[in-house]
Amino acid sequence: MRWTKAFIPTLKETPAEAEITSHKLLLRAGLIRKLAGGLYTFLPLGVRVLHKVERIVREEMDRAGALEVLMPALQPPEIWQQSGRYETAADVLFKVRDRSKKEWVMSPTAEEVITTVAAAEINSYRQMPVNFYQVSMKFRDEIRPRFGLMRAKEFIMKDAYSFDATDEGAMASYKKMYDAYKRIFDRCGVQNFPVEADTGVIGGNYSHEFMVPADTGENDVVYCEGCGYAANIEKATSGIPKTAARDAGGAFEKFETPGVVTIEALSKAPYSVPANRQIKTLVYIADSKPILILVRGDDQLNETKLMARTGAVAARPATPDEIFALLGARPGSLGAATKVPALVASGDVKVYADDRLQGANEMTTGANEDGYHLRNVSIERDIKVTQWCDLRTVSAGEPCAKCGKSLKIRRAIEVGHVFKLGTKYSEKLNATFLAEDGSRKPSVMGCYGIGVTRTMQAIIEQCNDKDGIVWPISVAPYTVCITPLAVAPDSAVMQVAESIYADLTAKGIDVILDDRDERPGFKFKDADLVGFPIRVAIGEKSLAKGEVEIKRRGGEMILVKSDDAVAKVAELIAAAGN
RNA sequence: CGGAGCGUAGCUCAGCCUGGCUAGAGCACUUGCUUUGGGAGCAAGACGUCGCAGGUUCGAAUCCUGUCGCUCCGACCA
């Protein structure tokens, strides 16, 4: 490609719409332009990068034995109702109507469709294992699109769906995808690591997310440098000890605490009850029923865990009015030792308590009466706990549950997610088969997503410097940029440039020739901004000695004889290895 | 949806508080001359429904109301 024939609208200044580095660079390097919030046009250079990432994805999916398909973006709402996700995923569903007013759903993912295919076509255990994948535009009515391609209303996703006859088979399919994902992100040239993850609305019981570490990521990841444990904070647990039991005192007693409505206020004089001897009582409305959640005063409730443990489809904090109606007190004076046991006994309320409180006594909590708290509360004796479970959020510095080393937390971008789904969808959509023993069973599914456009941005977020993008060779829009410092066709400089351009092109290397009649500084700045991995600069000075300059983006410049330039470039590309 | 901020040239922004001449600058764009190893200089030129709609006023980019859009913080996810 010749630069004068390409379309690369670079920007010297940063558009006001961009906040994070990768978004700024996507715009400045001329890869994308915004049409509206969360909707972007991929310009020619952006498309080239996208295709390179997609190619890596396809190669590795194919290598792992998955089969490419292409499913409709417009889907009938009936199959969503059948799976139950018409309600549970309602928030993100784009819906449209055709001329006959029939409603259609714009695909945010395709479990329902592929399972419909499987229901019709997979009738025997002999047809499995099988894994179908596609690369296609997905649509989600995001609450808040942001950061360019990072969270958009439409985005390109690679989604794959495996079908197995047995649970063991499904685990093997899962492992194949897990391994393929590791290879894909490694080949894309980004640091990445898998973490244990929550399964959320998709369902299932086993899941990993692939993360690219970045301060601008939207996920907190808990990890241990000792044993390699890593998990999304929504899922992470630690080996933090339970609350120490003390010598059991007498019955709990009420005491006056006028105006005290926070853990902190109660921890100060004259009360001086440390946060770790308090029980924090929260009221949530889960699927329109009130539930009580008990965590220790110095712990934070993890809402994702709450959803997972209660199996609720929707949960939100109760309003002060709802709380008052239920317990007769306002937030800040709530507790589960009074009034609540009767509500639990009558089945009106369930109490979920964090494991860390198990066996705790001599605790302080609200009295369900404004201005009063209770001291000397023993959980086992005074509170009817419906279910004990892990509900707290892990903090940095807590001991690892596996090896005891101090846990750390970092921000990261989720670029891939693998789920073992089980039979949730195959049961609801009747994807059953005849097993070897003649019985009819639902197939065991897995699903596997990669945010292709998000991956593209995550690569930029990680691979950049003050001058611009620093593309890994595997995904760069062009691998080599040839920069002649004179462009008159009869100049020696341009003739050498043309010759190297022709030779590199003949070798099948993606190369762009900057034939613009611009000053050298201008061309260098543009090349650095766009981030071509290898630059070959040809100027009169060095050419007088028969030499050209080869520079690895972000690396050292070397001088080579112009006749050796092509071989040297090939060598650099081979050294990158991906 | 809740909270905060912003909409003026293709881009970055000034002007608005305290209404008043023809609405400005830099970058980008066009033409010419000079320049030519890290986003050049000079000269000339083209580019605006001041987001949109109503209102107040002799007069609105400026004040008021509504509305639309964008960005950031929170709940959602690849």
Side-chain angles (χ1 to χ4, degrees), chain A residues 9-20 23-24 27-28 30 33-39 57 88-93 108-110 135-160 181 185 197-202 207 209-212 216-219 232 234 303-304 307 314-317 413-419 447-458 466-468 483-488 493 516-529 535 537-543 549 551 557:
Chain A
T10 57
L11 301 171
K12 194 187 289 191
E13 291 180 280
T14 304
E17 72 191 61
E19 201 66 26
I20 66 174
H23 188 195
K24 290 176 184 169
L27 292 163
R28 288 192 56 210
R33 285 294 182 266
K34 184 176 73 177
L35 175 65
L39 300 172
V57 168
T88 57
D91 288 354
V92 300
L93 286 184
T109 170
V135 179
S136 64
M137 195 65 85
K138 295 295 186 293
F139 305 86
R140 288 189 193 173
D141 191 359
E142 287 289 344
I143 297 166
R144 181 151 89 89
R146 62 177 139 182
F147 300 153
L149 306 178
M150 213 59 104
R151 178 180 296 281
K153 280 185 157 71
E154 59 169 64
F155 58 96
I156 294 175
M157 180 163 95
K158 185 287 301 174
D159 45 326
Y181 274 36
F185 296 118
D198 179 68
T199 49
V201 71
I202 290 183
S207 172
E209 289 165 331
F210 283 77
M211 295 289 189
V212 169
T216 54
E218 299 186 82
N219 295 270
N232 191 309
E234 296 175 341
E303 288 197 13
T304 306
M307 302 287 282
R316 60 167 175 85
I413 300 164
E414 179 192 353
V415 288
H417 202 158
V418 291
F419 296 87
C447 74
Y448 319 92
I450 288 179
V452 177
T453 41
R454 180 184 283 181
T455 298
M456 173 174 158
Q457 183 164 351
K466 64 175 172 48
D467 294 315
T483 309
L485 302 186
V487 295
V493 165
R516 294 175 300 172
D517 187 10
E518 292 287 354
R519 301 159 64 84
F522 187 90
K523 293 164 93 162
F524 290 149
K525 285 288 186 189
D526 254 0
D528 286 348
L529 174 59
R535 189 184 72 201
I538 303 147
E540 282 176 15
K541 276 187 229 163
S542 46
L543 194 58
E549 295 165 13
K551 187 172 183 302
M557 193 254 290

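Quick note on labels: first sequence line is chain A, next is B, and so on, each numbered from 1.
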*asked:* Using heavy-atom distances to pick each residue's nearest nucleotide on RNA chain B, tell me which of Met557(A) and Gly451(A) is more 5'.
replied: Met557(A)

*Quick one: label Lys138(A) by what it contacts on the DNA or RNA (base, sugar-phosphate, nothing), any heavy atom closer than 4.0 Å.*
nothing

*Remember a base hit wins even if backbone is also touched, and classify Thr455(A) as base, sugar-phosphate or nothing at under 4.0 Å, heavy atoms.*
nothing

*Can you tell me how far P in rG48(B) sits from the matching atom in rG69(B), rounded to whole Å?*
26 Å

*Determine whether Thr455(A) and Ile450(A) make a side-chain contact, defined as any pair of heavy atoms from C-beta on separated by less than 4.5 Å.*
yes

*Look at the side chain of Arg316(A) and the base of rG74(B), then say whether one donor and one acceptor between them are separated by less than 3.5 Å.*
no

*Would a distance-only check, ignoring hydrogens and angles, find a side-chain to backbone donor-acceptor pair under 3.5 Å from Lys523(A) to Arg516(A)?*
yes

_Distance check, P atoms only: rA60(B) and rC52(B), in whole angstrom units._
15 Å

*Remember a base hit wins even if backbone is also touched, and classify Ala90(A) as base, sugar-phosphate or nothing at under 4.0 Å, heavy atoms.*
nothing

*Looking at Arg151(A), does any N or O in its side chain come under 4.0 Å of the phosphate oxygens OP1/OP2 on rC77(B)?*
no

*Record whether the side chain of Arg28(A) comes under 3.5 Å of the base of rC11(B) through a donor-acceptor pair of N or O atoms.*
no

*Counting side-chain heavy atoms from CB outward, which of rU12(B), rG38(B), rG39(B) is closest to Thr10(A)?*
rG39(B)

_CD (Glu540(A)) with more than 12 external heavy atoms under 6.0 Å_ = no

_Can you measure Lys34(A) atom NZ to rC70(B) atom P for me and round it to whole angstrom units?_
6 Å

_Pairwise C1' distance for rA40(B) and rA28(B), with rounding to whole Å_ = 15 Å

_Nearest non-hydrogen partners of His23(A) and Glu17(A), listed with the distance_ = CE1-O, 3.7 Å

*asked:* Checking the side chain of Arg140(A) only, and the main-chain atoms of Val92(A) only, is there a donor and an acceptor separated by less than 3.5 Å?
replied: no

*Starting at CD of Glu19(A) and ending at P of rU71(B), how long is that distance when rounded to a whole Å?*
10 Å

*Could you state the NZ-P distance from Lys525(A) to rG37(B), rounded to the nearest angstrom?*
15 Å

*Which comes earlier along RNA chain B counting from the 5' end, the contact point of Leu11(A) or that of Arg519(A), where each point is its nearest nucleotide?*
Arg519(A)

*Which part of the nucleic acid, if any, lies within reach of Thr483(A) when heavy atoms closer than 4.0 Å are counted: base, sugar-phosphate only, or nothing?*
nothing

_Opposite nucleotide pairing with rA46(B), Watson-Crick or G-U, both atom distances under 3.5 Å_ = none

_From the set rC70(B), rA78(B), rU12(B), return the single nucleotide nearest to any side-chain atom of Ala36(A)._
rC70(B)

*asked:* What contact category does Gly37(A) fall into here, base, sugar-phosphate, or nothing, at under 4.0 angstrom with non-hydrogen atoms?
replied: sugar-phosphate

*For Ile143(A), which contact category applies under a 4.0 Å heavy-atom criterion: base, sugar-phosphate, or nothing?*
base

*For nucleotides rA25(B) and rG15(B), find the distance between their P atoms and express it as a whole number of Å.*
15 Å

_Over all strands shown, is Phe147(A) touching base, sugar-phosphate only, or nothing at heavy-atom distances under 4.0 angstrom?_
sugar-phosphate

_Whole-Å distance separating the CD atom of Glu549(A) from the P atom of rG38(B)_ = 11 Å

*Look at all strands and tell whether Arg33(A) reaches a base, only sugar-phosphate, or nothing, counting heavy atoms closer than 4.0 Å.*
nothing

*With a non-hydrogen cut-off below 4.0 angstrom, is Ala486(A) in contact with a base, only sugar-phosphate, or nothing?*
nothing

*Starting from C1' on rG10(B), measure out to CG on Leu35(A) and report it in whole angstrom.*
16 Å

*asked:* Could you tell me how far rA53(B) sits from rA61(B) if I compare only their P atoms? Round to whole Å.
replied: 13 Å

_So Glu303(A), base contact, sugar-phosphate only, or nothing? Heavy-atom distance under 4.0 Å._
nothing

_Nearest-neighbour nucleotide for the Ala16(A) side chain, rC13(B), rA78(B), rC77(B) considered_ = rC13(B)

*Please work out if Ala537(A) contacts a base, only the sugar-phosphate, or nothing of the nucleic acid, heavy-atom cut-off 4.0 Å.*
nothing

*Please measure how far the C1' atom in rC13(B) lies from the corresponding atom in rU8(B), and state the result in whole Å.*
9 Å

_Cation-pi check, Arg535(A) onto Phe524(A) ring (under 6.0 Å, within 45° of axis)_ = yes

*Using the C1' atom in both, what is the distance from rC27(B) to rA9(B), to the nearest Å?*
12 Å

*Side chains of Leu39(A) and Glu154(A): does their closest heavy-atom pair fall under 4.5 Å?*
yes

*Tell me: NE2 of His417(A) to C1' of rC76(B), nearest whole Å?*
14 Å

*State whether the aromatic ring of Phe522(A) stacks on the base of rG38(B), taking stacking to mean ring centres under 5.5 Å apart and ring planes under 30° to each other.*
no

*Side-chain-base donor-acceptor pair under 3.5 Å for Asp526(A) and rG39(B)*: yes

*Give none if rC1(B) has no partner; otherwise give the nucleotide forming a Watson-Crick or G-U wobble pair with it, both distances under 3.5 Å.*
rG74(B)

*So among Thr453(A), Asp159(A), Thr109(A), which one has a side-chain hydrogen bond (donor to acceptor under 3.5 Å, both in side chains) with Lys138(A)?*
Asp159(A)

*Decide yes or no for Ile20(A) and Met150(A): does some side-chain heavy atom of the first lie under 4.5 Å from some side-chain heavy atom of the second?*
yes

*Is the Phe419(A) ring parallel, tilted or perpendicular to the His417(A) ring (thresholds 30°, 60°)?*
parallel

*What distance, rounded to whole Å, do you find between the two P atoms, one in rA23(B) and one in rU62(B)?*
14 Å

*When the distance from CD of Glu142(A) to P of rC1(B) is rounded to whole Å, what number comes out?*
16 Å

_Nearest whole Å is fine: how far is rC72(B) C1' from Glu218(A) CD?_
13 Å

*Can you check whether Arg144(A) has a side-chain N or O nearer than 4.0 Å to OP1 or OP2 of rC72(B)?*
yes

Any protein N or O atoms within reach of nucleotides 24-27 of chain B? Criterion: under 3.5 Å, listing atom names and distances.
unit_1	atom_1	unit_2	atom_2	d
rG26(B)	N2	Glu13(A)	OE1	2.9

*Please check the phosphate of rG74(B) (OP1 and OP2 only) for any side-chain N or O of Arg146(A) closer than 4.0 Å.*
yes

*So what does Asn219(A) touch, heavy atoms closer than 4.0 Å: a base, only the sugar-phosphate, or nothing?*
base

*Working for side chain to side chain donor-acceptor pair (under 3.5 Å), residues Thr10(A) and Asp526(A)*: CA-CA 7 Å; Thr10(A) 57; Asp526(A) 254 0; 2.9 Å; yes

*Mind checking who rG20(B) pairs with, Watson-Crick or G-U wobble, both distances under 3.5 Å?*
rC58(B)

*Base, sugar-phosphate, or nothing: which does Ile156(A) touch, judged by heavy atoms less than 4.0 Å apart?*
nothing

